[in-house]
Amino acid sequence: MAWADVLSESTQNLTHQTRSTRPTYLPPHLRQLGGRGRGGRSNRNSFPPPDGPNFNQRQRATPYDIITEKLEQVEMTDDGNNNSAVINLDAYEDVPVEATGSDIPPAVKSFGEIEMCEALNENIKRRKYVKPTPIQRHAIPIVMAGRDLMACAQTGSGKTAAFCFPIISRILRDRFEQVVSGRNGARTRIAYPTALILSPTRELSCQIHDEAKKFAYQTGVKAVVAYGGAPIAQQLYNLEKGVDILVATPGRLVDMIERERVSLKMIKYLALDEADRMLDMGFEHQIRKIVQQMDMPPPGTRQTMLFSATFPDDIQRLASDFLSNYIFLTVGKVGSSTDLIAQRVELVQDMEKRSHLMKLLSTQKANGTRGKPALTLVFVETKRGADALEHSLSMNGFPAIAIHGDKVQRERERALRSFKSGATPILVATDVASRGLDIPHVAHVINFDFPKDIDDYVHRIGRTGRAGNSGMATAFFSDKNMPLAKALVELMQEAKQEVPSWLSQCAQNFVGSVRSTRYGRSKFGGSDFRSSQNDYYYPSTNNNSDANSFMDTYTDGYNTGGYAAHMSFDNYASAGARSSNADYYGAHNPGPYAHYSTADDYPPNNIDAFAANGNEYGYGSIVASGWD
DNA sequence: AAAAAAG
């Protein structure tokens with residue numbers, strides 16, 4: 001079958017596909033009617049209205065300032081060693097920045113401009129953070145000024161530090177100014193943290209905790225982590241010894257609160273990492289419970305910071321419940337560090353994915369760099385699929401290990417360690433690993449199953465190309481993914497990536513058939529939803545609903561070129577991929593992108609190399625092995 | 001029809 005036939009056939013099939021099955025956005029005031037199958041009393045209007053000073057004024061804030069800038073060149077900080085903490089700031093040259101809100105504190109150019117205690121400064125030096133990244137330059141002064149913040153910054157750009165520094169710094173300042181502290185004395189077993197950092201996965205919470213501990217070293221500020229899947233006793237013991245910053249996943253935290261071992265009464269700083277995920281379906285209820293139904297001080301009396309690389313409008317609406325007169329900050333909205341990730345998309349049907357993956361991996365293997373295997377992260381849709389693919393790869397001589405939520409925590413951590421160390425250079429993962437995890441030296445992210453939500457794609461590929469390093473991402477795109485073609489094309493264009501013509505074609509064929517925001521209008525970062533005049537804004541609790549006029553000024557900041565050069569295709573296939581197996585990327589397929597368009601292209605000549613075993617997962621019997 | 005997060 002010729003390539004054109006495949007395309008036309010696949011587009012014909014599309015007409016039979018059902019439209020998006022993702023639930024459409026339901027305004028909060030209608031949710032109790034069961035729209036998302038979430039019963040119960042979680043209607044936010046039923047919460048007692050918070051009585052913070054700014055609470056009811058937050059949407060009535062004075063005309064908003066808009067700060068738009070492009071950064072001047074910042075120094076390269078690479079000191080030559082391979083320390084992953086060193087960020088190649090050169091890569092962030094010309095990153096566009098936009099801040100909206102009232103009275104926006106000016107950005108700083110160096111850590112020196114921020115008033116922080118000496119111990120914290122020492123720790124920053126220890127971590128080899130010479131100059132702040134763009135998100136840090138802007139976010140730190142905002143947090144230091146006591147302002148609430150909703151921040152979008154590209155993956156791998158130092159978000160954790162952007163909220164950890166100022167939180168630690170402010171805790172120290174508070175302690176100095178008012179001697180009073182919420183720390184528990186010997187008489188109570190209840191812990192009273194002053195800062196709470198929530199994240200969507202256990203591994204991410206651990207990672208944030210590790211970072212926070214390093215930054216807080218010798219400052220007297222104590223960070224403790226709490227997450228499920230591990231014995232609770234040790235975590236409780238750590239809390240008893242005193243805690244300032246509690247890093248937690250939602251479930252375990254609620255458990256501890258209900259056991260009356262933790263109280264949120266003294267919380268002054270609340271940070272949600274991967275905030276859009278935290279407020280997405282499935283998590284929102286738990287987060288609301290923690291933030292609005294426990295003893296947490298209301299917005300305006302605590303400081304709230306939300307961070308993510310993506311922030312859809314509907315999620316921003318939900319999030320504004322938690323915030324008071326906040327500043328919206330976008331860093332790297334268009335060009336973004338994902339310039340550093342060379343993205344490629346291949347049309348691969350489900351049946352062919354495994355053999356295609358193995359071909360790809362064997363090419364890569366043959367060209368490993370510096371004697372070290374290139375770390376490759378393969379994303380799949382389901383837990384079962386992850387296990388099946390892990391098995392299949394292992395049986396064919398590819399050192400792979402899987403990580404997903406059905407594994408016990410020890411196994412999850414073991415898999416991650418084994419991957420990081422290079423012992424198992426292929427990690428097959430579900431979305432448990434898609435967000436926030438900082439794994440140095442991931443060379444290649446493969447979207448074996450294309451994600452259902454384009455924002456997940458952004459987060460997944462963000463596992464490579466971190467801290468200013470380059471990386472590559474390959475997506476297998478099948479007929480089933482056509483509804484996302486348009487969003488993918490737009491995203492790739494914004495990241496200055498070459499879009500294969502067949503994909504543009506698919507996108508065009510789908511125009512008008514998908515209206516959902518989540519499918520249609522995704523991009524790196526986002527824009528302040530308060531500025532879109534047409535969207536009805538749902539004010540919370542007892543506010544009046546005259547919301548449309550609350551922000552009158554808005555300019556569309558970015559625009560036109562000037563971003564750091566992105567990689568050409570030659571760079572893309574680097575890491576030696578053009579040597580012995582060059583036809584994989586080159587001669588075999590004349591275009592800049594390699595497609596396996598027909599059955600004749602496959603199997604590759606050396607298929608025996610990885611399918612000779614004849615086991616049930618071998619080439620040819622893929623269908624029977626769990627991919628139903 | 002999926003992943004994650006409590007046990």
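Residue numbers start from 1 in every chain, and the chains themselves are labelled A, B, ... in the order their sequence lines are given, proteins ahead of strands.
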Can you tell which of [options] lies closest to the side chain of [X]?
| X | options | value |
| --- | --- | --- |
| A/D255 | B/dA4, B/dA2, B/dA6 | B/dA6 |
| A/T430 | B/dA5, B/dA2, B/dA3 | B/dA3 |
| A/K452 | B/dA6, B/dA4, B/dA1 | B/dA1 |
| A/Q286 | B/dA5, B/dA4, B/dA2 | B/dA5 |

If you compare every side-chain N and O of [X] against the phosphate oxygens of [N] (OP1, OP2), does one of them come in below 4.0 Å?
| X | N | value |
| --- | --- | --- |
| A/R252 | B/dA4 | no |
| A/T201 | B/dA3 | no |
| A/T249 | B/dA4 | no |
| A/R202 | B/dA6 | yes |

Rounded distance in Å - [atom1] ([X]) to [atom2] ([N]):
| X | N | atom1 | atom2 | result |
| --- | --- | --- | --- | --- |
| A/D431 | B/dA1 | CG | P | 19 Å |
| A/R277 | B/dA2 | CZ | P | 16 Å |
| A/L416 | B/dA4 | CG | P | 14 Å |
| A/Y227 | B/dA4 | OH | P | 16 Å |
| A/M278 | B/dA3 | CE | P | 19 Å |
| A/D276 | B/dA3 | CG | C1' | 14 Å |
| A/K289 | B/dA6 | NZ | C1' | 10 Å |
| A/M256 | B/dA5 | CE | P | 15 Å |

Measure the SG-NZ distance between A/C152 and A/K159 for me, rounded to the nearest 0.5 Å.
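Answer for the SG-NZ pair, A/C152 versus A/K159, is 9.0 Å.
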
Using 30° and 60° as the class boundaries, would you call the ring planes of A/F307 and A/F163 parallel, tilted or perpendicular?
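Ring orientation, 0 to 90° scale: tilted.
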
Applying ring-ring contact (aromatic ring centres under 6.0 Å, His included), name anything that partners A/Y269, two or more places apart in sequence or on another chain.
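Here no residue qualifies.
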
Taking only residues two or more places apart in sequence, or in another chain, which ones meet A/D148 in a side-chain hydrogen bond (donor to acceptor under 3.5 Å, both in side chains)?
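Here no residue qualifies.
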
If we count only N and O atoms by modelled type, under 3.5 Å, do the side chains of A/S434 and A/D456 hold a donor and an acceptor together?
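Note: A/S434 and A/D456 side chains miss the donor-acceptor criterion.
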
By the 4.0 Å heavy-atom rule, please label A/R259 as base, sugar-phosphate, or nothing.
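The residue A/R259 makes no contact with any strand.
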
